[in-house]
Amino acid sequence: MSTAVNAPSRAFTPPRLFVRGRSRVAARALALTPWVLLALFLVGELIVCAQRINGPFLDEGIYVAAGLRTLQGHGVGDSYLTWFSGSLAWPAMAGAAWKLWGLAGARALAALCVTIGLAGMLKASGNLLGERVRAATALAALTSGPVIALGHLAVYDTLAVAAAGGAFWAITEFVRRDDRAWLAGAALLYALAGLAKYPVLLFVGPPLVLLVVSLRGSRARMDIGLFAFIAGAALLIYFLSARTQLTAFESFRTQNNPSFGVTKSQLLYSQVYLTAVPLLLGVTGVILLRDRRRLALALLSGVPMAPLYHLVTGNPSGDQKHVVFGLLFVLPLIGVTLCHALRRWRMLLAIPLLAGLAAFALVQVVRIDESWPDLRPSANVLSQSVRPGDKLLVNSAWVEAAYLYDRGRVNTPYDLYDVYRIQHLGHPANVCAFQWFVDVPGGEQWPAAVRSAMLRCGTFHKTYSSSTTITGLGGNLHFVTYRAPIEIWRNEPAKPPHGSARA
């Protein structure tokens, strides 16, 4: 075992550019700054969660409904692992938080997870680049739109962020201390991030491996082998324990990759919109770290992973969440850029830069938060009228399912049939046998044939009509805000005449 615990690796000596003599009070203030900023981040996110500005995102509804079922012992029986892109860990956590404090509780738990991930990232940035850069990195995190938006969204990406940030920190501790116990911890946290959400293995793996290569030199081969062995063993244990359902996951994903009407140009524009600014600032950090170029490029490698995933698969879902995993690694480079700009004689540059980043982050957060419909009013209407045993056609079923199941209005979330289930029944659906037909924005649109079949029944009557506001990227690559209709139809067959009886 090396004595590096007492004598950190030379790779962790902060660049001279950011080292200055300072008083003891100033040193303490600098050490506290990132944690004060992180506490402000968490408090701000909790306030947003408590305000419940918007209703559940489709994915939030899925995880809450599945989590409620999992806590009741039905998670395996409902076969969620055949189509979830992650384990049932986050759904169970979100379901428990929902029972305590509703949607605000689930989102507060997400805020805590993102804060933990950012804490790990800040510890790593301090290890790699020093306290000044760590403080500037915390400031960069507070001016990142995707990070702020994810901080109040109850999705399993947040648990993955917590684990990924921890893995990042553990890797830097491993190299600093030359203690492979930290490497084992990093591997387990990496596996946990992948279990929370499978694609994160692709988003986080390359920068972690490249960090080891850039910092460990000739010893990296053994380190990477041990890292892969431990992480692979943890993932294999999970796979073997649930292999019956997990073997069906791949076929489901290849058959069900909806584009939601998003064109390739819209998908490309979205990736540029989300990553261009952090990438530009990160490249500037790489240039400033000219004597640590390999380390800087390893950190920068996390940025393109999520965009490449979406562009290759053509899947537009969740891109604003996935870029956060790249930001975990590029934020320290942005911290280098800000630290350089914040030097006394460059304050005139730093002030407009920070103001511009904050303004752009605010615009991004508002657009992300308004990119899905608020379906709470229609869910409340259904909660007052749906009776256990009713079957519902709902094209965005899982938001309504979370409320209806929690309130005991349906026996199982699968009493609600969305577009995918109707299209994969194996036989034409008898639309007239359903008690409700609900058409809301946010999911796949009902095929014209299904809606026509509902109208031909002659027994469905519209009982609720409204609209909700959505902000999205239009076909002309401009963001537009529009009103989308909401309709609830109830199947009310004609009652037989009074006094009539069967023969």
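Every heavy atom of this structure was used, including side-chain atoms; hydrogens, water molecules and symmetry mates were not.
The closest donor-acceptor contact from the side chain of Ser85 to the backbone of Lys197 lies at 3.5 Å or more, if one exists at all. A donor-acceptor pair is defined here as one N or O able to donate and one able to accept, closer than 3.5 Å; such a pair exists between the side chain of Gln245 and the backbone of Val76. Judged purely by atom type and a 3.5 angstrom limit, Ser371 uses its side chain to pair as donor or acceptor with the backbone of Ile368. Judged purely by atom type and a 3.5 angstrom limit, Thr143 uses its side chain to pair as donor or acceptor with the backbone of Leu139. Asn127 places no side-chain N or O within donor-acceptor distance of the main-chain N or O of Thr172, the cut-off being under 3.5 Å. Side chain of Ser270 to main chain of Leu267: no donor-acceptor pair is present (N/O by atom type, distance under 3.5 Å, no hydrogens or angles). Remark: side-chain polar atoms of Arg293 are paired, donor with acceptor, to backbone N or O of Val286 under 3.5 angstrom. A donor-acceptor pair is defined here as one N or O able to donate and one able to accept, closer than 3.5 Å; no such pair exists between the side chain of Arg176 and the backbone of Glu173. The backbone N or O of Gly474 sits nowhere less than 3.5 Å from a side-chain atom of His478 that would complete a donor-acceptor pair. The backbone N or O of Gln266 sits less than 3.5 Å from a side-chain atom of Thr263, completing a donor-acceptor pair.
In this structure, the side chains of Phe84 and Pro91 come closer than 4.5 Å at one or more pairs of heavy atoms. In this structure, Leu353 and Leu338 have side chains that are in contact, with non-hydrogen atoms separated by less than 4.5 Å. By the 4.5 Å heavy-atom criterion applied to side chains, Leu299 and Phe168 are counted as neighbours. Between Val43 and Leu46, every side-chain heavy-atom pair lies at or beyond the 4.5 Å cut-off. Side-chain atoms of Phe57 and Val399, non-hydrogen and from C-beta on, never get closer than 4.5 Å to each other. For the pair Lys321 and Pro146, the minimum side-chain heavy-atom distance is 4.5 Å or more. A 4.5 Å side-chain heavy-atom check between Val114 and Val324 finds every atom pair outside the cut-off. Contact of the Leu226 side chain with the Leu183 side chain is registered, since non-hydrogen atoms from C-beta on lie closer than 4.5 Å.
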Audit row: Val161, Phe325, side-chain contact (heavy atoms from CB on, under 4.5 Å) steps and yes/no: CA-CA 7 Å; Val161 164; Phe325 296 98; 3.6 Å; yes
Evaluation steps, side-chain contact (heavy atoms from CB on, under 4.5 Å), between Arg180 and Phe174: CA-CA 6 Å; Arg180 285 203 168 109; Phe174 155 61; 3.7 Å; yes
Verdict with supporting geometry, Val366 and Glu370, side-chain contact (heavy atoms from CB on, under 4.5 Å): CA-CA 6 Å; Val366 171; Glu370 295 180 350; 3.8 Å; yes
Stepwise side-chain contact (heavy atoms from CB on, under 4.5 Å) test for Leu300 and Phe329: CA-CA 7 Å; Leu300 191 67; Phe329 295 94; over 6 Å; no
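Ring geometry for Tyr309 versus His322: interplanar angle over 60°, hence perpendicular rather than tilted (30 to 60°).
Just one residue in the list Tyr156, Trp98, Trp90 forms a side chain to side chain donor-acceptor pair (under 3.5 Å) with Tyr63, and that residue is Tyr156. When the options Tyr80, Tyr198, Phe239, Trp83 are evaluated for a ring-ring contact (aromatic ring centres under 6.0 Å, His included) with Phe249, the one that passes is Tyr198.
Between Thr468 and Pro441, the shortest heavy-atom contact is CG2-CG, 3.8 Å. Between Ala149 and Val365 the shortest heavy-atom distance is N-CG2, 4.2 Å. Scanning both residues, Leu71 and Ala96, for their nearest heavy atoms gives CD1-N, 3.4 Å. Leu235 and Ala191 get closest at one heavy-atom pair: CD2-O, 3.8 Å. When all heavy atoms of Ser396 and Leu58 are compared, the closest pair comes out as OG-CD1, 3.6 Å. Asp319 and His310 get closest at one heavy-atom pair: CA-NE2, 3.4 Å.
To the nearest 0.5 Å, atoms CH2 (Trp398) and CG (Leu375) are separated by 15.0 Å. Rounding to the nearest 0.5 Å gives a distance of 11.0 Å between CG of Leu195 and CG of Leu189. Here CG of Leu103 is found 11.5 Å from CG of Asp406. Values are rounded to the nearest 0.5 Å. Separating the CG atom in Leu122 from the CG atom in Leu37 is a distance of 9.0 Å, to the nearest 0.5 Å. Note: Met305 CE to Thr275 OG1 = 13.0 Å, rounded to the nearest 0.5 Å. In this structure, CG in Leu81 is found 4.5 Å from CG in Leu88, a value given to the nearest 0.5 Å.
Residues Phe360 and Tyr273 bring their aromatic ring centres within 6.0 Å. A centroid separation of less than 6.0 Å is found between the aromatic rings of Phe227 and Tyr190.
Remark: Arg52 does not engage Asp374 in a salt bridge, criterion side-chain N to carboxylate O under 4.0 Å. Ion pair Glu60/Arg107 flagged as a salt bridge, since at least one NZ, NE, NH1 or NH2 atom sits closer than 4.0 Å to an Asp/Glu carboxylate oxygen.
Under 3.5 Å, the side chains of Thr337 and Thr284 contain no donor-acceptor pair of N or O atoms.
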